[in-house]
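So the structure is just underneath, and the comments pick up after that.
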Protein chains: 2
Amino acid sequence: MNIQPLFDYIKPLMDLTAEEEALLASKVTYRKYLKGQYVVQQGDICKYECFVISGCTKTFYLDTEGQEHVIMFAIENWWTADMGSFISQTPADYNVQCLENTELILFSYENLELLYKKIPKLERLFRQIVERAFVASQKRIVRNFSLSAKDRYLYFKNQYPQIEERIPQYLVASFLGITKEFLSKIKSQLATEN
Amino acid sequence: MNIQPLFDYIKPLMDLTAEEEALLASKVTYRKYLKGQYVVQQGDICKYECFVISGCTKTFYLDTEGQEHVIMFAIENWWTADMGSFISQTPADYNVQCLENTELILFSYENLELLYKKIPKLERLFRQIVERAFVASQKRIVRNFSLSAKDRYLYFKNQYPQIEERIPQYLVASFLGITKEFLSKIKSQLATEN
DNA sequence: ACATCATGTTAAACTAGATTAACATCATTT
DNA sequence: AAATGATGTTAATCTAGTTTAACATGATGT
């Protein structure tokens with residue numbers, strides 16, 4: 001159990017005393033998942049907000065034809081969950097599955113509420129974290145409208161080279177909202193351009 | 001100055017004492033805008049988080065060709081701002097402009113921080129508000145990927161009939177990420193279907 | 001070494017939505 | 001009542017991205 005990366009992540013955002021860190025550590029769960037395991041399943045209630053210590057997850061949903069659509073990836077120092085399901089404790093719309101062996105820190109709904117009570121400044125911390133997530137989400141909406149598939153791919157490649165390297169191309173295509181065949185075409189175009 | 005709708009909005013989410021309400025009221029600004037006026041301009045620093053008392057705003061950006069792209073609308077009881085600009089006090093990517101004469105409650109950065117200090121549970125309130133906004137934003141990303149233009153229009157029409165009624169169709173088209181001509185085609189298709 | 005499954009490529013035919021441009025309607029001002 | 005400007009419509013042509021299907025590569029296990 002190595003929770004230190006979480007504290008390293010929090011440090012620049014907010015100072016916690018040793019006692020606060022200890023309390024936090026006592027109210028979260030460290031868990032290892034194997035490649036392929038599900039952290040959240042569509043239809044279940046999302047029980048945890050998850051901080052990624054190591055590994056990689058994808059969040060996706062299955063449409064009415066059973067097609068998979070990737071919404072996001074999460075790697076070291078990112079958060080993942082179905083937040084809609086978590087905050088209202090209603091069935092999840094999305095699945096979160098591990099693409100590699102993955103270590104997570106799990107915040108259960110009850111323990112997170114308890115932590116908010118005992119360490120009120122965590123409300124501030126999580127407010128700030130969600131604010132950033134919201135801003136990033138809105139920017140992604142704008143990119144999806146205003147960039148071509150090629151430019152969306154180039155943006156992804158530049159912003160998240162660590163992700164592109166470690167996941168199959170058809171999942172990148174799904175994340176970008178295009179077919180794997182079209183991504184393949186884009187990449188061969190880019191290759192001949194240079 | 002009528003700030004009551006803000007308290008009515010907060011009430012189901014959090015109890016505030018009379019003193020807390022009074023403090024809050026003393027630290028926000030009520031302001032009337034005329035149709036066409038800008039609340040935030042691209043490039044300026046977004047000074048306020050805004051709660052809409054009455055009227056209607058659009059949030060949009062201008063691309064490199066000067067084309068306008070609508071990101072969101074806000075009506076009574078909604079929040080608006082360029083949150084990315086507000087939280088980091090950096091130049092705004094977006095414009096917020098009034099589509100009608102509009103009354104807003106403005107939370108300045110400094111006063112909001114002061115309110116967080118004096119009424120810490122507001123951190124919780126705003127955390128919850130932003131969580132919902134984030135969830136809605138993610139759902140919109142999913143809809144944009146998985147629904148056709150026609151179905152996105154039908155969703156918008158069902159979810160926000162009050163908005164569709166009061167704004168020009170070319171702004172709806174921009175919000176949906178399609179051209180006004182194509183929206184016109186969709187509407188005439190739907191009309192003949194029934 | 002070979003078999004299998006997951007992943008990636010190529011190319012042809014197709015479609016959702018964009019673009020352009022001409023015209024229509026409606027409200028407001030003069 | 002005519003003129004203007006803002007909004008909406010129609011239709012032809014065009015293009016970004018999809019679909020389908022056949023083939024290629026590469027990793028893993030036996």
Side-chain angles (χ1 to χ4, degrees), chain A residues 34-37 56 58 60 63-70 73 97-101 141-157 163-194, chain B residues 34-37 56 58 60 63-70 73 97-101 141-157 163-194:
Chain A
L34 295 175
K35 177 174 175 172
Q37 284 191 298
C56 181
K58 69 174 175 192
F60 68 99
D63 67 20
T64 45
E65 275 110 48
Q67 287 288 325
E68 180 177 319
H69 299 262
V70 175
F73 301 107
Q97 189 184 16
C98 298
L99 297 174
E100 303 172 359
N101 293 343
I141 290 176
V142 169
R143 283 196 304 277
N144 287 169
F145 276 142
S146 52
L147 300 184
S148 66
K150 184 175 175 179
D151 288 341
R152 270 178 282 145
Y153 169 64
L154 288 172
Y155 179 87
F156 175 75
K157 197 177 151 75
I163 298 182
E164 206 215 347
E165 281 161 14
R166 58 207 258 200
I167 63 178
Q169 184 170 313
Y170 70 90
L171 291 178
V172 175
S174 177
F175 173 79
L176 295 173
I178 59 177
T179 60
K180 58 191 177 21
E181 290 85 357
F182 192 51
L183 178 54
S184 182
K185 197 190 277 184
I186 287 170
K187 289 182 88 167
S188 74
Q189 267 176 33
L190 287 169
T192 54
E193 270 175 25
N194 308 318
Chain B
L34 295 175
K35 177 174 173 172
Q37 284 191 299
C56 181
K58 69 174 175 190
F60 68 99
D63 66 21
T64 44
E65 275 110 47
Q67 288 287 325
E68 181 178 318
H69 299 262
V70 175
F73 301 107
Q97 188 184 18
C98 298
L99 296 174
E100 302 172 0
N101 293 342
I141 290 176
V142 170
R143 284 197 303 276
N144 287 169
F145 276 142
S146 52
L147 300 185
S148 66
K150 184 175 173 179
D151 288 341
R152 271 179 280 143
Y153 169 65
L154 288 172
Y155 179 87
F156 175 74
K157 196 177 152 74
I163 298 183
E164 206 216 349
E165 281 161 15
R166 58 208 259 198
I167 64 178
Q169 184 169 313
Y170 70 89
L171 291 179
V172 176
S174 177
F175 174 78
L176 294 174
I178 60 177
T179 60
K180 58 190 174 24
E181 290 85 356
F182 192 52
L183 178 54
S184 181
K185 198 189 277 185
I186 287 170
K187 290 181 87 167
S188 75
Q189 268 176 32
L190 287 170
T192 54
E193 271 176 24
N194 309 319

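Quick note: numbers below take in every heavy atom, side chains included, and nothing from hydrogens, waters or symmetry partners. Here is the naming used below: chain letters follow the sequence lines, and residue numbers restart at 1 for every chain.
Taking the ring centre of F60(A) as origin, the terminal cationic atom of K58(A) falls inside the region bounded by 6.0 Å and 45° from the ring axis.
The salt bridge (charged side-chain N to carboxylate O under 4.0 Å, His left out) check on K180(A) picks up nothing, with sequence neighbours excluded. Not counting sequence neighbours, the partners of K150(B) by the salt bridge (charged side-chain N to carboxylate O under 4.0 Å, His left out) test are E193(B). Residues that satisfy the salt bridge (charged side-chain N to carboxylate O under 4.0 Å, His left out) test with K187(B), not counting sequence neighbours, are E164(B).
Between the C1' atom of dT10(C) and the NZ atom of K187(A) lies a distance of 15 Å, rounded to the nearest Å. The separation between K35(B) atom NZ and dT28(C) atom C1' is 12 Å, rounded to whole Å. Protein atom CG of L183(A) is 14 Å distant from nucleotide atom C1' of dT10(C), rounded to whole Å. Residue F145(B) contributes atom CZ, which lies 19 Å from atom P of dA16(C) at whole-angstrom precision.
Of the residues in residues 150-157 of chain B, R152(B) come within less than 4.0 Å of DNA chain C through at least one heavy atom, sorted by number. Taking a 4.0 Å limit (strictly below) on heavy-atom distances, residues 170-182 of chain B reaches DNA chain C at G177(B), I178(B), T179(B), E181(B), F182(B).
Pair check for dT30(D) finds dA1(C); Watson-Crick or G-U wobble, both atom distances under 3.5 Å.
The CG atom of L183(A) lies 9.5 Å from the CZ atom of F156(A); values are rounded to the nearest 0.5 Å. Atom OG of residue S148(B) and atom CD1 of residue I186(B) lie 7.0 Å apart, to the nearest 0.5 angstrom. Of the inter-residue distances, the one linking L34(A) atom CG with E100(A) atom CD reads 12.5 Å to the nearest 0.5 angstrom. Note: I163(A) CD1 to F175(A) CZ = 7.5 Å, rounded to the nearest 0.5 Å. Rounding to the nearest 0.5 Å places CD of Q37(A) at 6.5 Å from SG of C98(A).
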### Task
Could you walk me through whether L147(B) and L154(B) pass side-chain contact (heavy atoms from CB on, under 4.5 Å), step by step?
CA-CA 10 Å; L147(B) 300 185; L154(B) 288 172; over 6 Å; no
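If S148(A) and I167(B) are placed on DNA chain D by their nearest nucleotide, the residue sitting closer to the 5' end is I167(B).
Boundaries of the chain A contact region on DNA chain D are dG17(D) to dA21(D), first to last in 5' to 3' order (nucleotide atom under 4.0 Å from a heavy atom).
Between the S146(A) side chain and the V142(A) main chain, a donor and an acceptor come within less than 3.5 Å of each other.
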